[in-house]
Amino acid sequence: MIIATWNVNSLKVRLPHVLDWLSGHAPDVLALQETKLTDDAFPADAIAEAGYRCVYAGQKTYNGVAILAKHEPADSVTDIPGLDDPQRRILASTVNGVRIINLYVVNGSEVGSEKYAYKLAWLDKVTGFIADERGRHERLVVLGDFNIAPDDRDVHDPEAWHERILCSTPEREALKRILDLGLSDCFRRFDQPAESYSWWDYRQAAFRRNMGLRIDLILSSPALTEACTACTIDVEPRRLERPSDHAPVVAEFSL
DNA sequence: ATGGTTGTTAAACAA
């Protein structure tokens, strides 16, 4: 079973890339973030023609999450207890007996800002939700754009990013609390090339210079971690014309 | 160097 995540930064613009990628990689599940589409505008027909069912939770202009899957996603959840939030950042669904929690974590803008406080409060509520889901589902994957680089290996210039947004200690501690629910970062279960990143700013030719961060993650429960045979970042779509600023992350499970 | 680029949406906001 192949499960992938990709922040597409506008599904309207990136639909051709997504369809090409589905056709080339044939994942069982592809979780998308930053679709930036209301549900009535979601390209469900084009995705169905590619052989994928989909569930989605979108809004105008910002945010938006979706799960594309070869088999019908079931028991979808878009809102969680204690978080009355119009921002569409969460989509949980069950595919082939695997519970998928797709997250577009708040960016946070700047350490100490209002958005930063919202990020930490949001992460706290979501951690409670994941704990709850973890108790109900043996096979659980939490994936998406976490907007947190787990540690300095995941940052091209740790000194420049020291205690900055995406890298601050409170953010990393919030991520650790999610991992401490018994989840593993699939990518780090395997030897990986040095300087592996999943996001590069559009500015300063950051991709060409590999000035990136690894902020897109696939976390798995023990039952799935045992079955995980590979986890890679596919940088190829980042080389295309008009790319997303994120690359897809792919995990393979022998299920 | 508080810069720079992209997306949505129409000047500003978010990332």
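In the text below, chain A, chain B and the rest are named by the order of the sequence lines, each starting its count at 1.
For the residue pair Arg88(A) and Asn63(A), no side-chain donor N or O sits within less than 3.5 Å of a side-chain acceptor on the partner. A side-chain N or O of Thr5(A) and one of Gln33(A) form a donor-acceptor pair less than 3.5 Å apart.
Between Trp200(A) and Phe207(A), the ring planes lie perpendicular to each other; the angle is over 60°, past the 30° to 60° tilted range.
Using P as the reference atom, dA14(B) and dT9(B) are 14 Å apart when rounded to the nearest Å. Taking the C1' atoms as reference points, dA15(B) lies 16 Å from dT2(B), given to the whole Å. Atom P of dA1(B) sits at a distance of 25 Å from the matching atom of dT6(B), rounded to the whole Å.
For the segment residues 195-218 of chain A, the set of residues with a heavy atom within less than 4.0 Å of an atom of DNA chain B comprises Tyr202(A), Arg203(A), in numerical order.
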All N/O donor-acceptor pairs, side-chain side in residues 160-167 of chain A, below 3.5 Å, sequence neighbours left out:
from: Glu163(A); atom 1: OE1; to: Thr169(A); atom 2: N; distance (Å): 3.0
from: Glu163(A); atom 1: OE1; to: Thr169(A); atom 2: OG1; distance (Å): 3.4
from: Glu163(A); atom 1: OE2; to: Thr169(A); atom 2: OG1; distance (Å): 2.5

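Proximity of a side-chain donor or acceptor of Ser93(A) to a complementary backbone N or O of Ile100(A) within less than 3.5 Å is not detected. A distance-only check finds no donor-acceptor pair linking the side chain of Asp234(A) to the backbone of Pro248(A) [under 3.5 Å]. Panel note: side chain Asn102(A), backbone Ala66(A); a donor-acceptor pair is recorded below 3.5 Å. Side-chain atoms of Ser254(A) come within 3.5 Å of backbone atoms of Ala227(A) as a donor-acceptor pair (strictly under, hydrogens ignored).
In this structure, Arg89(A) reaches the sugar-phosphate backbone alone: every heavy-atom distance under 4.0 Å involves primed, P, OP1 or OP2 atoms, never a base.
Contact footprint of chain A on DNA chain B: nucleotides with an atom under 4.0 Å from a non-hydrogen protein atom, first to last in 5' to 3' order, dG4(B) to dA15(B).
When each of Lys60(A) and Asp245(A) is assigned the nucleotide of DNA chain B with its nearest heavy atom, Lys60(A) is the one assigned upstream, toward the 5' end.
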